[in-house]
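Let me begin by presenting the structure, written as structure tokens, before commenting on it.
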Amino acid sequence: MPFGFSGGIHPEESKDMTRGKPIETISAPEKVVLPVIMHIGEACAPIVKEGDTVDMGQMVAYSDAEISAPVHSPVSGKVQKIEDALYPSGSKVLSITIKNDFEDRLHSSIVRKKYSAMSQEEIIEHIRNAGIVGHGGATFPTHVKIRSALNKVDTVIINAAECEPYLTCDHRLLLERPGEVLRGIRILLKALNLKKAVIAVEANKEDAVKVLKEKIGEKKDIEICVLNTRFPQGAEKQLIYALTKREVPKGKLPVDAACVVFNVDTAAAVCRAFEIGIPDIIKTITVSGSAIANPKNLMVRIGTPVSDLIEAAGGFKQEPNRIIMGGPMMGVGQSSLDVPVIKATNGILAFCEKEDKISKNPTCIRCGRCVSVCPMGLMPIYMYMYQQKGMLDECRDMDVESCIECGCCAYECPGRLFLVQSFRTAKQLISEARLREAQRQN
Amino acid sequence: MSGFSRLTLAPSPHIKTEEDIRSIMTDVVIALMPALAIAVFTFGMRAFIVTAVSVLGCVFFEWGYRKVLKKPSSIGDLSAVVTGILLAYCLPVTIPLWVVIIGDFVAIVIVKQLFGGIGKNFMNPALLARAVLFSWPVMMATWAEPRTALPVFKTPVDVISTATPLSYLKGGNMPADSIMEMALGQTAGCIGEISAVALVAGGLYLLYRRVITLRIPLSFIGTVALLTFLFPKGGADNVQFMLCELLSGGLMLGAIFMATDYTTSPVTRKGQIIFGIGCGALTVFIRYFGSYPEGVSYAILIMNALVWPIDKYTRPRVFGTARHRIGGR
């Protein structure tokens, strides 16, 4: 049995609140807000106008750039406005607001597609047109990932680690819809022209492993691998290492280690795009945290305001101090509930004041805990010091660009330093400097 | 659905470990208490008073310095308390209280605060202060006979003095005390260094609480053990000599509580082992060939000065950079 990687942490799992709760579909929202970019790559341009009537599943924003993914409406209704709106990152992004007419009229493009009768190219094109992006949170367009992996990889890994505390949506997906996941994986295998995939699951999901194994039965195309429960076991590089003992070379991608990784919910979305024909308009999300009255796993349509999700989970039982989109380790803090669910949303967490551990004077005491937990073998203590002093060359030499921003270092830091923020800043400044240098040389 | 009074907007991660600087320092203080109990048993209440004065002096100087320079107060992290206790532990119980105060000033203001406060000192504050206090060599080497009455506040005069086990060893003889007496703390010596048992108990507590790892203490003590076992002085029995060296002087206190100080030790695994070995080797070297009977303080101070180069040359391997692991098939 493969194990893990060096470093990492064991935070409180905090999954008991929701791991036993089946996924609930919440009622459709009154309106949806669809940012034109919910993925890595080029933003889409709206292809509808204010006042247009749209159907459920209709494409509403598109870009013909290679690294992009179209946006579809998850409801039928009328386009109310197209303007900049608050995006979960805190900035404003052009968004299409659609008022739901609650008729759920399916668009004519929603048809079942038999993938076994399609060629590789057709499958990849269909995945592109369905706007499917990585559901693990990174939202890289799936069709691009497949294309870049063609004839270059020998190992397909399906990431069901879900190593972030609190989140249980992937776990529930495996328990409740294993068939959907497996069929989605088989479609991906056909697209890649490969014969085998391995689903990586953390040891805290033994029940899901059983269900999957039963569903796979005698077939040999999909294997299950159980990994030690540790954060960040689900991080791509660490996952690849745990399963294959290959390290993705510094600065490179999984394809350079002959591997390709897809999140388990991405596989489910791929299945739905063929079996039902619907594009990427649905997300499973865990709503949890000490401030939430009834933590739940929900199935929602993208574009739903986060306030609807909180309501569906019983609202706040205590005044929230922090609201997070994502997991507690790598999620993004929110300043408002008036943001939409996007393709990257896996969790909405709300915490109370007394859990907050912030210091008025973050101080480094050189304890070295950050160094011992870094899964990438970096030295946060010195990277932080160099970044604070503006010594970016030294910072780059300490390989800050290899930082995966998992947060293990800042989690352990007794001085409560904002380490991840420091490294994000350093990476940004270094890449800006590199760009300026490249422009100067031209 | 709005109407929150206040939301905290901060970068990830949004959960953190329970431990902070204050909880770590509290654990260290707890770990140092068994040694204090033995010290009071062996030397009387004066041992407690010297320690208490040292702690109050350190806290006062840190508070005062930060206030005068209009910096945020840092005494809440309890690191000044730890420094106060550790400094007291490296002094003889007969030390005049005003000398203790001077030591506190050197440790907190000069070694620590002038360099920027906690995390920024480049040498162990208690040890460097103790080195400065050797400017009063007689006071630093007046050893009281255990279990004799000593004035609690006034400076002792006409002390019934005695030789410490370490001074015997320096002279090439075996100490008059038995191994058991040295282990339990019924010998002469500095306040906190006499009982190996009490110090090891504190060390085990710190290991359990994950405040320290075994790397530095084990490599430090192990190196001293190995060298003194292989090269006993004065033709004594190897094991006997080794045990005497291990249980005398400030070795246990230094290896468990001083060399493991976060700020002045390396952050890398390999670096910590090199550091421990270096401390051990220098301790034996100074004890054998130096003019002081005690080598631990100076060994640690010398290794403190080497911490940054040690860190630089023992950088862990960055993921994705080992040549034989790159790529696929």
Side-chain angles (χ1 to χ4, degrees), chain A residues 11 154 165 237 245-252 256-259 307 310-311 319-324 328-333 335-337 349 351 356-361 363-368 371 375-379 381 399 402 405 407 410-416 418 420-421 424, chain B residues 1-25 71-74 76-77 79 116-121 210-211 213 261-269 271-272 307-308 311-312 315-323 325-329:
Chain A
D154 60 15
K237 298 185 176 157
K245 291 286 172 272
R246 299 178 200 161
E247 287 189 10
V248 174
K250 179 172 99 166
K252 303 255 191 264
D256 298 294
C259 292
S307 48
I310 305 277
E311 220 177 278
E319 175 115 3
N321 171 55
R322 278 201 207 215
I323 298 180
I324 298 156
M329 290 300 295
M330 296 178 71
V332 182
S335 57
S336 162
L337 290 180
L349 303 175
F351 296 138
D356 221 47
K357 298 182 178 67
I358 288 197
S359 157
K360 289 206 197 93
N361 286 308
T363 317
C364 174
I365 57 173
R366 286 188 49 92
C367 67
V371 177
M376 295 299 285
L378 305 172
M379 300 183 85
I381 176 180
D399 292 306
S402 286
E405 297 176 28
Y411 175 89
E412 280 292 323
C413 180
R416 309 291 187 226
F418 290 113
V420 180
Q421 196 59 16
R424 282 191 190 119
Chain B
M1 225 278 127
S2 52
F4 317 121
S5 55
R6 200 184 59 183
L7 276 181
T8 296
L9 195 62
S12 61
H14 305 279
I15 51 173
K16 312 250 169 96
T17 184
E18 283 293 328
E19 292 172 305
D20 57 6
I21 302 178
R22 187 201 190 97
S23 73
I24 293 174
M25 294 298 149
K71 291 177 189 288
S73 173
S74 60
D77 65 24
S79 58
I118 187 172
K120 307 267 194 329
N121 45 295
R210 294 172 184 265
V211 172
T213 65
D261 170 51
Y262 292 149
T263 307
T264 51
S265 58
V267 293
T268 63
R269 281 190 200 145
Q272 286 169 350
V307 163
W308 284 60
D311 267 349
K312 182 169 172 175
R315 265 189 73 179
R317 185 185 63 84
V318 172
F319 189 96
T321 57
R323 227 175 287 132
R325 282 217 196 116
I326 284 182
R329 336 175 200 257

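Keep in mind the model is a prediction, meaning the values are calculated, not measured. All values below were derived from every heavy atom in this structure, side-chain atoms included, with hydrogens, water molecules and symmetry-related copies excluded. Note on naming: letters A, B, ... go to the chains in the order of the sequence lines (proteins, then strands), and numbering restarts at 1 for each one.
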Beyond-backbone contact of [X] with [Y], side-chain heavy atoms, under 4.5 angstrom:
| X | Y | result |
| --- | --- | --- |
| A:Met379 | B:Thr268 | yes |
| B:Phe319 | A:Lys250 | no |
| A:Arg424 | B:Pro11 | yes |

> Do B:Ile15 and A:Phe351 pass the side chain to side chain contact (heavy atoms under 4.5 Å, CB included) test, and can you show the C-alpha distance, the side-chain angles, and the key distance before you say yes or no?
Replying inline: CA-CA 10 Å; B:Ile15 51 173; A:Phe351 296 138; 4.2 Å; yes
>> So, using salt bridge (Lys or Arg N to Asp or Glu O under 4.0 Å) as the criterion, who are the partners of A:Arg416 when residues are at least two apart?
In response: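 For A:Arg416, no residue satisfies salt bridge (Lys or Arg N to Asp or Glu O under 4.0 Å) once neighbours in sequence are set aside.
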What closest approach, in Å, do [X] and [Y] show between heavy atoms, and which atom pair accounts for it?
| X | Y | result |
| --- | --- | --- |
| B:Pro72 | A:Asn361 | CB-ND2, 3.3 Å |
| A:Gly377 | B:Pro316 | O-CG, 3.7 Å |
| A:Ser335 | B:Leu9 | N-CD1, 3.9 Å |
| A:Thr363 | B:Ile21 | O-CD1, 4.1 Å |
| A:Ile358 | B:Ala10 | CD1-CB, 4.5 Å |
| A:Val420 | B:Pro13 | CG2-CD, 4.0 Å |

Of the backbone (N, CA, C, O) and the side chain (C-beta and beyond), which part of [X] lies under 4.5 Å from a heavy atom of chain B, both, or neither?
| X | answer |
| --- | --- |
| A:Cys364 | backbone |
| A:Pro320 | both |
| A:Asn321 | both |
| A:Ser402 | side chain |
| A:Lys252 | neither |

>> Would you say that more than 12 heavy atoms from the other residues, nucleotides or ligands in this model lie under 6.0 Å from the CZ of B:Arg269, or not?
In response: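 Open: at most 12 neighbouring heavy atoms sit under 6.0 Å from CZ of B:Arg269.
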Top contributor to chain B contacts, counting heavy-atom pairs under 4.5 Å, from [options]:
| options | result |
| --- | --- |
| A:Ile381, A:Val371, A:Ile324 | A:Ile324 |
| A:Glu412, A:Glu405, A:Lys237 | A:Lys237 |
| A:Gly331, A:Pro375, A:Ser359 | A:Gly331 |

> Under the ring-ring contact (aromatic ring centres under 6.0 Å, His included) test, which residues partner A:Tyr411, sequence neighbours left out?
Replying inline: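 A:Tyr411 satisfies ring-ring contact (aromatic ring centres under 6.0 Å, His included) with no residue once adjacent residues are dropped.
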> In Å and rounded to the nearest 0.5 Å, what is the OG1 to CG distance from B:Thr8 to A:Asp356?
Replying inline: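 Here the interatomic distance stands at 4.5 Å.
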> Atom CG in B:Asp20, atom SG in A:Cys413: separation rounded to 0.5 Å?
Replying inline: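 Atom-to-atom, B:Asp20:CG and A:Cys413:SG are 10.5 Å apart.
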I need the residue from [options] with the largest number of non-hydrogen atom pairs under 4.5 Å to chain A.
| options | answer |
| --- | --- |
| B:Thr17, B:Val318, B:Val267, B:Leu7 | B:Thr17 |
| B:Asp311, B:Ile24, B:Asn121 | B:Asp311 |
| B:Arg22, B:Gln272, B:Lys16, B:Lys120 | B:Lys16 |

> For the side chain of B:His14 and the backbone of A:Arg322, is there at least one donor-acceptor N/O pair under 3.5 Å apart?
Replying inline: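 Flag not set: sc B:His14 to bb A:Arg322 has no pair under 3.5 Å.
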> Within the distance-only criterion (no hydrogens, no angle test), does the side chain of A:Arg366 pair as donor or acceptor with the backbone N or O of B:Ser265 below 3.5 angstrom?
Replying inline: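 Checking the backbone N and O of B:Ser265 against the side chain of A:Arg366, a donor-acceptor pair under 3.5 Å is found.
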>> I'd like to know if B:Arg317 and A:Asp399 make a salt bridge, using a cut-off of under 4.0 Å between side-chain N and carboxylate O.
In response: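 So B:Arg317 does not pair with A:Asp399 through a salt bridge.
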> Is A:Lys357 salt-bridged to B:Glu18, going by a charged N under 4.0 Å from an acidic O?
Replying inline: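 A salt bridge is present here (some side-chain N lies under 4.0 Å from a carboxylate O).
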